[in-house]
Amino acid sequence: MRRFSIAPRRLIPLLLLLLLVVALATACTDPMSTIDPKSDNTRRVQDLYVLVFWAATIVFVGVMAAALIFSFMYRERPGRTAQQIHGNTRLEIVWTLIPVVILAVIAVPTFDTVIKTTGDAPEGALEVIATGHQWWFEFEYPELGVTTANEMHVPVGRAVNVKLRSVDVIHSFWVPQLTGKTDMVPGHDNRLWFTPEVEGEFRAQCAEFCGTSHANMRFRVFVRSQGDFEAWVANQKKDRVAPTADLAKQGEQVFLTGACVGCHVVRGTAAAARVGPELTHVGERTTIASALLDNTPENMARWLRNPPAAKPGSKMPNLNLTEDQIQKLVAYLESLK
Ligand code: CUA
């Protein structure tokens with residue numbers, strides 16, 4: 001009978017490759033990484049994940065080692081015939097009980113994590129209502145009288161209680177480093193909460209297929225110091241800054257006499273329709289088109305020229321604006337800080 005064997009020399013490169021893959025996977029610093037937690041609840045999930053990972057690793061190594069050792073010890077060789085045997089009550093009880101004990105041990109921290117992360121938000125949490133739209137996110141702060149879109153600002157170290165809604169189809173709210181995915185279901189309010197632990201800018205994404213631009217339905221969470229957050233709120237509460245530059249003034253006229261007022265709010269003007277994103281402070285945002293494009297005059301012009309070309313399926317149609325109207329609108333919108 002032919003025997004197979006792997007020379008130890010050939011095993012070494014394989015092991016090195018495996019180590020490299022593990023190192024790359026764990027050194028991940030992707031802003032969408034779920035294994036780099038920056039809030040209390042994502043850290044709880046990570047702790048549980050690490051526990052289960054190592055328990056599974058010990059089981060895997062133990063089972064593989066036993067399989068290799070026994071196949072070597074009891075292999076067929078000259079003077080010895082390999083044989084299949086059946087039934088050993090004591091062994092079967094042992095290998096049934098070991099997994100039962102492992103699962104029971106894992107169940108304790110699992111239930112603890114589930115209860116802690118899905119229970120009520122701590123007292124004094126900041127209330128935010130997040131609404132999913134095809135294809136953008138609206139954020140309302142009911143206690144503060146602030147409404148914004150696609151960029152959610154929160155203070156560091158304070159719990160955020162997010163009520164999740166949708167006006168059309170099912171979306172899903174996901175900020176990988178701050179909170180797990182929770183669906184935004186039309187007609188059925190959901191909620192989640194988390195306490196951001198460090199300041200920073202966090203990428204986020206709709207995580208439930210919701211149509212043409214699902215992949216382009218992104219948002220950002222800005223975790224700021226308490227002082228910076230209060231300054232942001234104070235500015236958001238103000239009506240729009242009346243334009244002073246000529247081009248921006250003309251832009252406001254184009255805005256108020258054109259189709260824009262049919263869908264958008266700019267507080268302090270006659271524009272008061274809540275169909276598209278609130279634009280009172282759009283110039284202050286870092287991104288436009290649901291965090292798809294950086295907020296630059298070039299990108300704003302590109303968006304106004306043909307929204308569905310920039311974001312497929314966009315509910316804002318091509319308004320066939322002239323280049324002159326676009327330049328005026330860009331000056332106006334960018335002045336709305
Ligand atoms: Cu909204 Cu996918």
Side-chain angles (χ1 to χ4, degrees), residues 30-39 41-42 45 117-118 127-142 146-154 160-194 196 201-223 262-265 273-279 282 285-295 299-300 302-304 306-318:
D30 184 331
M32 298 287 283
S33 172
T34 52
I35 54 170
D36 185 16
K38 300 287 187 226
S39 82
N41 281 346
T42 45
V45 172
T117 57
T118 60
E127 299 289 330
V128 179
I129 301 170
T131 307
H133 297 255
Q134 285 176 313
W135 287 273
W136 58 283
F137 290 89
E138 182 170 28
F139 301 111
E140 285 173 76
Y141 298 71
V146 166
T147 301
T148 187
N150 305 318
E151 295 194 359
M152 179 174 150
H153 289 242
V154 293
V160 192
N161 193 22
V162 190
K163 187 184 260 187
L164 302 164
R165 290 178 174 164
S166 169
V167 295
D168 37 46
V169 300
I170 301 176
H171 303 276
S172 180
F173 184 98
W174 185 38
V175 195
Q177 293 185 291
L178 298 179
T179 180
K181 301 164 185 173
T182 306
D183 277 2
M184 311 170 97
V185 183
H188 174 86
D189 290 358
N190 260 338
R191 61 179 191 84
L192 60 84
W193 70 270
F194 61 91
E201 180 185 332
F202 298 93
R203 306 268 176 119
Q205 162 81 51
C206 176
E208 177 70 47
F209 182 70
C210 55
T212 317
S213 259
H214 157 67
N216 299 322
M217 187 171 166
R218 306 170 192 177
F219 66 106
R220 294 201 182 169
V221 179
F222 292 84
V223 179
C263 291
H264 296 284
V265 175
R274 298 209 162 271
V275 178
E278 155 124 13
L279 298 178
V282 68
R285 288 181 210 149
T286 65
T287 59
I288 57 169
S290 73
L292 184 59
L293 305 170
D294 286 338
N295 188 2
N299 281 338
M300 188 66 92
R302 177 183 158 200
W303 175 256
L304 292 171
N306 189 352
K311 190 165 83 173
S314 163
K315 300 283 178 185
M316 175 166 162
N318 184 347

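Order of appearance sets the numbers: ligands from 1, and atoms from 1 within every ligand.
Side chain of Trp135 to backbone of Cys206: no donor-acceptor contact under 3.5 angstrom is found.
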Please tabulate, for the side chains in residues 167-177, all donor-acceptor contacts under 3.5 angstrom to protein atoms that are two or more places apart in sequence or on a different chain.
from, atom 1, to, atom 2, distance (Å)
Asp168, OD1, His171, NE2, 2.8
Asp168, OD2, Gln134, N, 2.8
Ser172, OG, Thr182, O, 3.4
Ser172, OG, Asp183, OD1, 3.4
Gln177, NE2, Asp36, O, 3.0
Gln177, NE2, Asp36, OD2, 3.1

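Residues satisfying the side-chain hydrogen bond (donor to acceptor under 3.5 Å, both in side chains) test with Ser314, not counting sequence neighbours, are none. Partners of Arg218 according to the salt bridge (charged side-chain N to carboxylate O under 4.0 Å, His left out) rule, which considers only residues two or more places apart in sequence or in another chain, do not exist here.
Using bins of under 30°, 30° to 60° and over 60° for the plane-to-plane angle, the ring pair Phe137/Phe219 lands in the tilted bin.
Crowding of Arg203 atom CZ: a count of heavy atoms from other residues, nucleotides or ligands under 6.0 Å not exceeding 12.
Around atom 1 (Cu) of ligand 1, protein N, O or S atoms at less than 2.8 Å comprise His171 ND1, Cys206 SG, Cys210 SG, Met217 SD.
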